Each structure stands twice: as C-alpha cells, then as structure tokens.
Amino acid sequence: MEPVITRFPPSPTGFLHIGGARTALFNWLFARHLGGKFILRIEDTDIERSTEASVKAILDAMEWLGLTWDEGPYYQTKRLDIYAEYAKKLTDTGHAYWCECTPEELETRRKAAMAQGRKPKYEGTCRNLGLGPGTNRVLRFRTPESGETILRDLIKGPIFFDNSELDDLVLVRSDGIPTYNFAVVIDDLTMDVTHIIRGDDHVNNTPRQMQIYLALGAKMPEFGHVPMIHGEDRSPLSKRHGATSVMEYKELGFLPEALVNYLVRLGWSHGDQEIFSRAELIEEFTLEHVGKSPSVFNMEKLLWLNAHYIKEKQPEELIAPLKPFLTARGYLEKDDSYIAGAIRTLQPRSRTLVEMADAMRFYMIDEVDYDEAAVQKFLTHEMRDVFERVLPELQNLDDFNEANLEAVFKKVTGELNMKLGKIAQPIRVALTGVTVSPGLFEIIDVLGKETVLKRMRRAMGRMG
RNA sequence: GUCCCCAUCGUCUAGUCCGGUCCAGGACACCGGCCUUUCACGCCGGCGACGCCGGUUCAAAUCCGGCUGGGGACGCCA
C-alpha cells in the first residue's frame with residue numbers, strides 16, 4: 001500500500017487561527033494514525049500580504065500544539081520554476097490559454113452578472129483568441145464546458161458538479177506568480193500528497209482542481225472536507241467571538257493538550273469519550289467519525305478541559321508553563337519546590353494558568369494585601385486570644401505537615417471550645433489577606449513556619 | 001442571485017450507512033443535594049433535543065421527497 005501523505009498549507013497572512021489549527025490537527029492525526037507523513041507548506045503566493053512574522057507565528061503555534069511535521073516547511077515562492085514547468089505543459093496541450101481581460105473589466109462584468117441574477121463567472125472572452133504570453137496577461141485554465149465532475153469526498157460523500165458551473169480560472173497571474181488553485185495542485189501532485197483534508201470552504205474549489213489533475217493526467221488524491229467552526233451566533237468564528245489565534249490561548253493560560261483535546265472533539269468523536277491522550281488520538285482517529293455539520297466554539301467546555309489537564313499534571317510539570325505568568329505579575333523569585341507546593345494547592349481550583357497565577361499571589365509576595373472587608377469581618381478583637389493560643393503551638397511544631405497541623409488546631413479549638421470553622425477564616429485572612437484560598441493546612445504547609453507566624457503577628461496588629 | 005453543503009438537548013456529540021434493543025445515551029453549562037475550615041475539586045440527582053410537512057413500512061431520529069432554517073463558494077485571496 002502506498003504511504004499516506006497529508007499536508008497543512010497555511011498562508012502566512014496572519015496568525016494560526018483555531019480553524020486552521022484543527023485542520024492541521026486532523027491532517028497530523030490522520031497521517032500519524034496510518035503511519036504516514038505530514039508535510040508543512042507555506043502558501044505565500046499572495047506576495048502582498050504574506051509576511052515573515054506570520055510564518056514565524058504559525059510555526060510557533062504548530063510547535064506549541066505539538067504538531068510536528070516530517071517535511072518542510074516548503075515555500076511556494078521558492079518553487080516558481082516548478083509551476084512554470086507545469087504551466088507550460090498545460091499551454092502546450094491546449095489546456096490553458098492567455099487572457100488579456102483586465103481586472104477592472106472582470107469586476108464590472110461580475111457585478112453585472114450578479115445584478116442580473118446570474119452566477120458571476122468568466123465568460124471566456126479570450127478563450128479562443130489564441131493569444132500568446134505578454135504583459136498584463138494571465139494564463140487561464142480551459143475548463144471543460146460540459147460533463148460532470150464528481151467529488152467523492154471522504155467526509156461528505158459524493159458531490160456532483162456540472163462542469164458548466166465551473167469557469168476558466170486564472171492559473172498564473174500577470175506578474176507570473178501562480179494562483180492558489182494552481183499552486184496547490186502542483187504542490188500536492190509533486191509532493192505525492194495522498195489525502196487532502198481541509199476546510200469546507202474549499203469544496204467549490206475542488207472540482208476545478210480536479211480538472212487540473214485530469215488535464216495533467218495526474219493521479220487524483222483523496223479529498224476530505226471538514227466543516228467550519230462557528231461562533232456562538234453561528235456565524236464564522238471571528239475576533240468578535242473572542243480569541244481566534246492559537247497563541248492567544250497560550251497567553252490566556254491554556255495548556256496545549258487541552259486545546260488539542262477540545263479541537264479534536266469539535267467535529268470528531270469516538271463514542272462517548274471526551275478525554276484523549278495524544279497516543280489515544282493517534283490510535284483512534286479516523287475520518288469516518290468526522291461529522292458533516294459545522295460546530296460552535298464553546299469556551300466553557302475548553303475551560304473545563306483545561307481545568308482537567310491542570311488537575312491531572314504533576315505540579316512540577318506546570319512550573320515552566322506557569323513561570324511567564326508569574327514573572328508578568330512581578331512576583332518574588334521563589335525556588336521550584338516552593339512553587340510546586342503552591343501549584344499543588346491550586347490545581348483543583350484553577351481553570352487556567354492565569355487564574356492560577358492570580359490566586360498564587362499571597363504565596364509570592366512578602367506582605368499580603370488585605371481585603372478590608374475581610375479584615376473587618378474576621379480580624380476581630382475576640383480573635384486576638386485565639387491567635388495568642390495558636391501562635392506558640394505552631395512555634396513549637398517542627399514538622400509542618402497537614403496531619404500535625406490538624407492535630408494542633410484540633411487541640412486548640414477543643415480547649416477553646418470553638419469550632420474550627422470559627423477560627424479558620426480569620427487565620428485564612430491573616431495568611432492570604434482574602435477569604436478564598438486553598439485549604440488552611442495546605443497553605444500553612446507551603447508557606448512555612450516563619451512566614452505563617454509573621455503573617456499572624458502582623459494580622460494581630462489589625463485586630464481591634 | 002447562482003451553485004454546493006449541512007440540520008439530534010443552549011453547546012459539543014453518540015445513535016443514522018445495516019429501520020425495531022432510543023418514550024434517544026454521554027459531556028460542557030445550568031439547577032438541586034452531599035462532602036466541607038472558605039472557594040473549589042469530587043460524588044449523587046435534575047432540567048433539556050431527533051427543525052417542519054408529507055411518503056415508504058407492522059415499525060422511522062434512522063429510508064425517500066418537499067419546505068424552512070443555517071453555512072460555504074462565486075477574486076490576477078488562500
């Protein structure tokens with residue numbers, strides 16, 4: 001059996017967005033599942049809008065998601081001679097012809113056609129003029145005027161197109177640069193791509209591309225068109241729906257495995273399973289279970305998955321991804337074991353690394369900032385006695401583990417005939433400045449004796 | 001406008017190919033409860049959908065047709 005080769009061909013005109021990332025992921029998984037190859041190709045034939053920065057941004061995002069490629073990145077602008085060769089082949093065989101219609105004329109005719117309710121397509125003005133190459137001339141494909149092109153889509157099933165609906169698309173621009181529809185075909189052809197998995201929005205391009213394969217006598221690849229991702233209002237996902245760039249999600253504190261897991265389930269399923277490790281995805285991913293209908297991006301579920309992965313990781317694994325967020329907040333330098341301890345207490349209560357970093361504040365600064373309402377409510381005069389009792393007990397405790405701490409508090413509350421609930425909040429406020437935090441004993445354990453005593457004494461200063 | 005695609009809970013989806021096991025299952029969100037030193041986590045329970053109309057059939061979420069709704073494409077963008 002021939003080896004499977006898939007590819008992801010972003011155009012470097014912006015960042016890698018969510019939809020593109022899912023397409024890349026599907027291609028990557030498809031290839032990995034079948035033990036094939038995954039190629040990365042930069043489609044930079046839009047000279048005007050392509051930028052180096054975009055290429056970098058896209059590559060960074062691919063790496064962050066762990067979508068490793070086996071070949072490339074190839075750049076179309078470095079393959080111009082190849083396209084020229086095939087363009088010549090098509091002209092020589094009469095499958096392509098030169099056209100001198102100007103963009104302005106075309107635009108006028110398009111508008112007129114729309115106004116009259118006709119499908120705006122190139123009328124073939126230059127089709128039989130026998131023009132040769134020249135300035136301001138484009139090379140067009142001579143599309144068959146009759147017949148039918150059948151796309152047997154791996155995801156959507158058979159789709160029929162009347163060739164009369166297709167028009168003579170431009171293959172080579174007047175500046176000699178090939179257009180997308182031409183370059184993709186030649187690239188996929190010469191790179192031996194066997195399976196083209198791409199967005200739904202390419203369905204209508206497919207019959208045109210198939211005609212080029214046919215004209216070239218080339219082997220036709222398989223096509224699979226994945227439905228689009230929409231926003232809450234069912235319109236295509238865009239900025240106004242929130243973050244659309246993959247790297248924005250990194251900045252929002254998402255873990256790549258959460259995004260990958262979320263994205264793969266947008267359109268694909270494996271029974272009732274929601275959580276997939278990368279190995280499981282590679283094992284289970286097939287196109288058969290990719291749905292046909294568009295899906296809506298739902299931040300809540302992504303958040304849930306992210307929370308899941310945050311909980312599941314070892315605290316140590318979270319240190320590196322969390323560090324940038326800590327630094328950004330100007331926190332003190334702490335060593336990794338301390339940070340890991342703090343992370344452990346926040347894992348069950350953080351949905352993102354941003355939330356975690358924010359909640360970590362009291363661990364990371366010297367003097368906690370008190371929430372005044374909390375101080376008023378809990379650092380009351382009557383707590384002074386309680387603190388006086390607790391302080392020496394803690395002072396004498398050598399091993400600050402949770403069990404010991406619990407014993408100490410049991411003892412004190414017993415002697416004072418108070419419930420733990422009564423004194424927990426005041427101590428929490430003393431240690432964190434706020435009323436919401438991880439468990440008291442966990443905090444004490446992480447903070448350590450010196451800090452705990454210091455903060456409790458300082459808090460006593462705020463008691464009436 | 002023309003062509004193409006799609007249609008199960010608010011959202012992601014299972015089930016649809018091979019009609020009965022589905023008075024439709026899971027997950028997120030939401031609501032309630034339990035746990036509890038706060039907040040979470042966790043656990044238990046609840047709410048909630050086959051777009052509409054017709055046909056085929058003993059039987060339709062599943063097959064067929066129409067309608068409606070949504071989306072995509074119509075570039076010397078990709």
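Every heavy atom of this structure was used, including side-chain atoms; hydrogens, water molecules and symmetry mates were not. Per chain, numbering begins at 1; letters A, B, ... match sequence-line order. None of these values were measured; they are calculated from a predicted model.
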Determine: side-chain N/O of [X] to OP1/OP2 of [N], distance under 4.0 Å, yes or no.
| X | N | answer |
| --- | --- | --- |
| A:Arg234 | B:G69 | no |
| A:Ser269 | B:A14 | yes |
| A:Ser295 | B:U13 | yes |
| A:Ser235 | B:G70 | no |
| A:Arg110 | B:G75 | yes |
| A:Lys301 | B:A27 | no |

>> I want to confirm an ordering. Mapping A:Thr45 and A:His289 to their closest nucleotides on RNA chain B, which one lands closer to the 5' end?
In response: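 Its nearest nucleotide being more 5', the pick is A:His289.
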>> Reading RNA chain B from 5' onward, which residue's closest nucleotide shows up sooner: A:Glu100 or A:Gly439?
In response: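 Whichever sits nearer the 5' end wins; that is A:Gly439.
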> Counting only Watson-Crick or G-U wobble pairs whose two distances fall under 3.5 Å, which nucleotide matches B:U57?
Replying inline: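 Partner of B:U57: none.
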>> Looking at B:U2, which nucleotide sits across from it as a Watson-Crick or G-U wobble partner, both distances under 3.5 angstrom, or is there none?
In response: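 Paired with B:A73.
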If you only use heavy atoms from C-beta on, which nucleotide in [options] is closest to the side chain of [X]?
| X | options | result |
| --- | --- | --- |
| A:Asn204 | B:G1, B:C3, B:U38 | B:C3 |
| A:Tyr180 | B:A78, B:U11, B:U37 | B:A78 |
| A:Asn298 | B:G1, B:A73, B:U11 | B:U11 |
| A:Ser11 | B:U37, B:A78, B:C5 | B:A78 |
| A:Pro120 | B:C76, B:A78, B:C74 | B:C74 |
| A:Pro348 | B:G72, B:U13, B:C41 | B:C41 |

> Does B:C39 fall in syn (glycosidic angle within 90° of 0) or anti?
Replying inline: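 Judged by the O4'-C1' to base torsion, B:C39 sits in anti, the angle falling more than 90° away from 0.
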